[in-house]
Peer 1: 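Take a look at this one; I'll ask things after.
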Amino acid sequence: MQGMLGLLCLFWSIPGSFASWGDRSRPFQRCLSSCWKNNCTGRSLEKFVRQQPAYMSLLGWWCEEECKYGCMWRTVEQIQAEPWGEVPQFYGKWPFVRVLGIQEPASVFFSILNGLGHVVMIGVFRRKVPRHAKMYSVVHWLAAISINAWFWSAVFHTRDFSWTEKMDYFCATSLVVFQLFMWFTRFGGFKESAMFGALLAALFSGHVYYLGFVKFDYGYNMMANVAVGQLNAFCWLGFAFKNVQQRRYMWKCIATILSINCLLLLELGDFPPIWWTFDAHSLWHAGTAPVVPLCYSFFIDESLYLLREAEETDV
């Protein structure tokens with residue numbers, strides 16, 4: 001449902017560590033070599049360490065990283081002074097102005113906003129839906145997994161390291177997989193749901209093990225997430241269209257999924273960041289935030305419907 005990430009993983013799976021023409025360019029390489037020799041050796045390095053703010057060190061802005069950041073902007077200025085003036089990427093990423101050491105401040109802010117949306121809406125869900133409702137616990141698990149995924153998204157966009165990248169990808173996949181499990185629990189009994197959940201958990205564990213300990217294969221990760229994500233979207237849309245005439249609130253489910261997929265057009269039209277801050281990916285995160293309340297509103301309506309249906313059956 002909210003955060004239907006199957007297709008999004010197609011874009012998240014593009015390796016940020018791959019070289020780009022900006023960091024391969026001669027101006028950048030010359031600048032980097034000079035900066036390293038002048039600032040990152042001997043007494044110059046000792047001076048850098050003494051003068052660097054503690055929070056920058058904690059975020060991993062070591063001397064070499066500072067050289068890369070400074071040389072990136074020098075290279076951008078030099079290239080844009082040329083007649084063709086195209087904005088280059090560096091190490092697979094657009095140039096962003098950092099804020100307090102945060103590498104991609106807009107994506108971090110909007111990731112936090114999405115996570116807070118789940119925090120607020122699970123509180124609304126708890127106030128409106130009784131504990132004994134069928135979907136009560138599974139919606140809580142959705143909130144927890146979503147909050148965790150958006151937390152690691154914020155961490156990854158704060159500083160792009162190998163381990164933050166993996167945590168971002170793995171947690172995004174966990175959300176895609178859980179949404180498929182959530183659809184199954186809507187119809188299956190406890191025994192059937194437990195068996196299906198165990199199967200998905202085994203597949204997810206194998207996926208994480210392969211990427212984490214065998215080979216971090218971006219292409220495989222992309223295909224796996226797209227496959228599960230599209231199956232997920234197909235299942236939820238089929239369920240919603242089938243029941244929309246009897247339960248008018250099903251439009252919320254349809255609107256959630258279609259909105260998420262329409263927002264993917266932002267990723268297809270990737271562009272250099274506006275004001276060196278807002279790129280297509282950060283605007284995607286901004287667009288998903290308003291969808292969170294709509295998603296939970298659907299689950300509130302569906303939970304109360306199932307509760308009334310069970311009470312009428314008992315009577």
Side-chain angles (χ1 to χ4, degrees), residues 1-6 8 110-151 153 171-172 174-190 192-194 196-197 200 229 231-263 285-315:
M1 289 293 297
Q2 197 282 327
M4 189 66 69
L5 300 175
L8 177 59
F110 293 130
S111 293
I112 293 172
L113 192 63
N114 275 273
L116 288 176
H118 286 277
V119 172
V120 171
M121 291 310 301
I122 193 60
V124 175
F125 181 88
R126 289 169 65 91
R127 289 194 297 271
K128 293 188 176 183
V129 178
R131 287 179 174 270
H132 59 278
K134 181 179 180 180
M135 299 188 69
Y136 188 86
S137 61
V138 75
V139 172
H140 278 72
W141 276 108
L142 173 69
I145 293 171
S146 298
I147 292 167
N148 180 64
W150 286 113
F151 169 79
S153 174
C171 293
S174 72
L175 181 55
V176 179
V177 171
F178 185 79
Q179 287 166 345
L180 185 59
F181 170 74
M182 194 174 189
W183 172 83
F184 190 88
T185 59
R186 166 61 182 80
F187 308 99
F190 177 80
E192 293 81 2
S193 297
F196 186 65
L200 290 179
L231 176 61
N232 197 2
F234 177 80
C235 290
W236 279 107
L237 283 175
F239 164 67
F241 278 116
K242 182 179 179 180
N243 294 281
V244 70
Q245 293 296 327
Q246 294 77 26
R247 286 172 265 174
R248 294 295 182 181
Y249 62 83
M250 282 292 170
W251 72 266
K252 299 176 184 179
C253 177
I254 297 169
T256 296
I257 297 172
L258 295 183
S259 296
I260 295 298
N261 282 275
C262 286
L263 285 167
H285 286 335
T288 59
V291 183
V292 177
L294 183 63
C295 172
Y296 278 89
S297 179
F298 164 71
F299 283 127
I300 290 170
D301 291 339
E302 181 68 2
S303 298
L304 294 177
Y305 171 83
L306 291 174
L307 193 61
R308 289 192 300 270
E309 188 179 53
E311 291 172 350
E312 291 172 0
T313 302
D314 290 341
V315 173

Peer 1: Once you measure the plane-to-plane angle for Phe298 and Tyr249, does it fall in the parallel (<30°), tilted (30-60°) or perpendicular (>60°) bin?
Peer 2: tilted

Peer 1: Are the side chains of Trp150 and His285 in contact, using a 4.5 Å heavy-atom criterion?
Peer 2: yes

Peer 1: Which distance, rounded to the nearest 0.5 Å, do you find between the CD1 of Ile300 and the CZ of Arg127?
Peer 2: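 If I round to the nearest 0.5 Å, the distance is 9.0 Å.
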
Peer 1: Report yes if the side chains of Cys171 and Ile145 come closer than 4.5 Å at any heavy-atom pair, otherwise no.
Peer 2: no

Peer 1: Could you walk me through whether Met182 and Met135 pass the side chain to side chain contact (heavy atoms under 4.5 Å, CB included) check?
Peer 2: CA-CA 9 Å; Met182 194 174 189; Met135 299 188 69; 4.2 Å; yes

Peer 1: Between the main-chain N or O of Lys252 and the side-chain N or O of Thr256, is there a donor-acceptor pair closer than 3.5 Å?
Peer 2: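 Yes; at least one donor-acceptor contact below 3.5 Å.
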
Peer 1: Could you point out which residue of Leu258, Leu263, Ile257 forms a side chain to side chain contact (heavy atoms under 4.5 Å, CB included) with Asn261?
Peer 2: Ile257

Peer 1: Output the distance between atom SG (Cys295) and atom CD (Gln179), rounded to the nearest 0.5 Å.
Peer 2: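 If we round to the nearest 0.5 Å, Cys295:SG and Gln179:CD are 7.5 Å apart.
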
Peer 1: Can you check whether His140 and Tyr136 have ring centres sitting under 6.0 Å from each other?
Peer 2: yes

Peer 1: Could you check whether any side-chain heavy atom of Val139 comes within less than 4.5 Å of a side-chain heavy atom of Tyr296, counting everything from C-beta outward?
Peer 2: yes

Peer 1: Please report the closest heavy-atom contact between Cys235 and Trp183, naming both atoms and the distance.
Peer 2: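 Smallest interatomic distance, heavy atoms only, reads O-NE1, 3.3 Å.
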
Peer 1: Quick check: do Phe299 and Val129 have side-chain heavy atoms less than 4.5 Å from each other?
Peer 2: no

Peer 1: Do Glu302 and Cys253 come within less than 4.5 Å of each other through their side chains, counting heavy atoms only?
Peer 2: no

Peer 1: Please tell me whether Phe178 and Phe181 form a close aromatic pair, meaning their ring centres lie under 6.0 Å apart.
Peer 2: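 Between Phe178 and Phe181, the centre distance is under 6.0 Å.
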
Peer 1: Below 4.5 Å, heavy atoms only, C-beta onward: do Met250 and Asp301 meet side chain to side chain?
Peer 2: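 No - every pair of side-chain heavy atoms lies 4.5 Å or more apart.
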
Peer 1: Ala133 and Leu307: which non-hydrogen atoms are nearest, and at how many Å?
Peer 2: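 So the two residues come closest at CA-CD1, 4.1 Å.
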
Peer 1: What's the separation between atom CD1 in Ile147 and atom CG in Leu175, rounded to the nearest 0.5 Å?
Peer 2: 11.0 Å

Peer 1: Roughly how far, to the nearest 0.5 Å, is CZ of Arg247 from CD of Glu309?
Peer 2: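 Answer for the CD-CZ pair, Glu309 versus Arg247, is 7.0 Å.
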
Peer 1: Please find the pair of heavy atoms, one from Ala286 and one from Pro290, that lie closest to each other, and give the distance.
Peer 2: O-CD, 3.2 Å

Peer 1: Who passes salt bridge (Lys or Arg N to Asp or Glu O under 4.0 Å) against Arg126, sequence neighbours left out?
Peer 2: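 With sequence neighbours excluded, Arg126 shows a salt bridge (Lys or Arg N to Asp or Glu O under 4.0 Å) to no residue whatsoever.
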
Peer 1: As an exercise, state the distance from CG of Asn243 to CZ of Arg248, rounded to the nearest 0.5 Å.
Peer 2: 12.0 Å

Peer 1: Tell me whether the guanidinium CZ or amine NZ of Arg186 lies under 6.0 angstrom from the six-membered ring centre of Phe239 and within 45° of its axis.
Peer 2: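 No - Arg186 does not lie over the ring of Phe239 by the 6.0 Å and 45° rule.
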
Peer 1: Are Leu142 and Phe125 side-chain neighbours, meaning at least one heavy-atom pair lies under 4.5 Å?
Peer 2: no

